Amino acid sequence: MDGRDKKFAPTRSVGAEGGETTSRTVLAVALAPQALELLPRHVLEPQSYIARVRYEDLDSVRFTGSQAPALVLSPLLTPVFDAIDLARYLSQRGYRGRYLALVDRLPSANLIRREVEAQSPDLNFDVIILDGSSPLHSL
């Protein structure tokens, strides 16, 4: 999704037994393509479908029900929004999935985690530091 798309739906693929399965949809909000290459290898499943969307176009995305993304990725901080803004937005829209904010370097991610948890306790939130120091990189 590049912001021009108005509908957001998971893609379907044929499973090993020939049955139809829903792929895991990952919503990448204002995320540079290079950031995906720096993710720990266990974050994205092999069948993941990456849907790109601009922050300004999030109203076109369904965040509840079967069409909700399995995972939301975004930068920790942009000129338009930060992770706390997006977490609040996702909570208000009823999203109950996983949200990961990505950052190149960060001295202490715990402060960010606590702040998001305090404002959006219903989200499964974490910060991934792309320099390889994130605990997810060691899995």
Side-chain angles (χ1 to χ4, degrees):
M1 219 183 256
D2 63 3
R4 294 179 300 222
D5 300 324
K6 295 299 174 202
K7 298 220 187 233
F8 174 83
T11 59
R12 300 208 176 268
S13 59
V14 177
E17 278 88 48
E20 195 175 89
T21 61
T22 302
S23 69
R24 179 181 163 141
T25 303
V26 176
L27 186 66
V29 180
L31 197 62
Q34 307 87 295
L36 295 173
E37 296 170 11
L38 299 173
L39 283 174
R41 61 188 169 115
H42 298 305
V43 171
L44 299 177
E45 293 180 1
Q47 300 101 334
S48 292
Y49 168 74
I50 309 296
R52 297 186 187 287
V53 66
R54 297 180 315 171
Y55 183 77
E56 298 83 5
D57 296 319
L58 283 175
D59 288 340
S60 67
V61 179
R62 294 194 59 192
F63 289 99
T64 59
S66 63
Q67 292 186 358
L71 173 64
V72 175
L73 301 171
S74 81
L76 180 68
L77 181 65
T78 76
V80 177
F81 71 95
D82 62 26
I84 294 170
D85 297 329
L86 184 53
R88 189 178 305 122
Y89 178 89
L90 294 171
S91 290
Q92 290 170 351
R93 296 286 306 272
Y95 182 66
R96 300 296 179 257
R98 190 169 190 203
Y99 169 37
L100 299 175
L102 312 179
V103 64
D104 290 331
R105 284 181 235 75
L106 190 67
S108 174
N110 288 333
L111 177 65
I112 304 295
R113 288 182 187 107
R114 285 193 300 268
E115 184 69 25
V116 170
E117 184 177 335
Q119 294 192 29
S120 303
D122 48 345
L123 287 180
N124 178 357
F125 175 80
D126 205 353
V127 175
I128 294 183
I129 304 167
L130 297 175
D131 68 0
S133 66
S134 177
L136 288 172
H137 282 93
S138 63
L139 295 178

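In this text the structure is predicted, and so the values were computed from the model without any measurement. This chain uses plain numbering: 1 for the first residue, then up along the sequence.
In this structure, Ile129 CD1 and Asp104 CG are separated by 10.5 Å, a value rounded to the nearest 0.5 Å. Going from atom CG of Leu58 over to atom CG of Leu90 covers 7.5 Å, rounded to the nearest 0.5 Å. Rounding to the nearest 0.5 angstrom, the gap separating the CG atom in Leu106 from the CG atom in Leu77 is 10.5 Å. Rounded to the nearest 0.5 Å, atoms CG (Leu27) and CG (Leu71) are 9.0 Å apart. Atom-to-atom distance recorded for Arg114:CZ and Phe125:CZ is 12.5 Å, nearest 0.5 angstrom. Here the straight-line distance linking atom CD1 of Ile50 with atom CG of Leu73 works out to 6.5 Å at 0.5 Å rounding.
With hydrogens and angles ignored, the 3.5 Å screen pairs a side-chain donor or acceptor of Ser60 with a backbone N or O of Asp57. Looking at Ser120, its side chain never comes within 3.5 Å of a backbone N or O of Leu123 through a donor-acceptor pair. In this structure a side-chain-to-backbone donor-acceptor pair under 3.5 Å is missing from Ser48 to Leu44.
By the 6.0 Å contact criterion, CD on Glu56 is enclosed, its count of non-hydrogen atoms from other residues, nucleotides or ligands being greater than 12.
At least one side-chain heavy atom of Val43 sits under 4.5 Å from a side-chain heavy atom of Leu100. Taking 4.5 Å as the limit, every side-chain heavy atom of Thr64 sits out of range of all side-chain heavy atoms of Tyr95. Annotation: side chain of Leu130 is not in contact with side chain of Val103 (no heavy-atom distance under 4.5 Å).
Between Arg96 and Asp122, at least one side-chain N (NZ, or NE/NH1/NH2) sits under 4.0 Å from a carboxylate O, which counts as a salt bridge.
Ring geometry for Tyr55 against Tyr89 counts as tilted: the plane angle lies between 30° and 60°, on a 0 to 90° scale.
The two atoms that bring Arg105 and Asp131 nearest to each other are CG-OD2, 3.8 Å, heavy atoms only. Residues Pro75 and Val29 come closest through the heavy atom pair CD-O, 3.2 Å.
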Can Ser74 and Tyr99 be said to form a side-chain hydrogen bond (donor to acceptor under 3.5 Å, both in side chains), step by step?
CA-CA 8 Å; Ser74 81; Tyr99 169 37; 2.7 Å; yes
Please test Gln47 against Arg24 for side-chain hydrogen bond (donor to acceptor under 3.5 Å, both in side chains), starting from the C-alpha separation and ending with a verdict.
CA-CA 6 Å; Gln47 300 101 334; Arg24 179 181 163 141; over 6 Å; no
Given the rule in the salt bridge (Lys or Arg N to Asp or Glu O under 4.0 Å) test, do Arg93 and Asp59 qualify, once you have shown the distances and angles that lead to the verdict?
CA-CA 9 Å; Arg93 296 286 306 272; Asp59 288 340; 3.7 Å; yes
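Applying the side-chain contact (heavy atoms from CB on, under 4.5 Å) test between Asp82 and each of Thr78, Val80, Ile84, Leu86 identifies Ile84 as the sole match.
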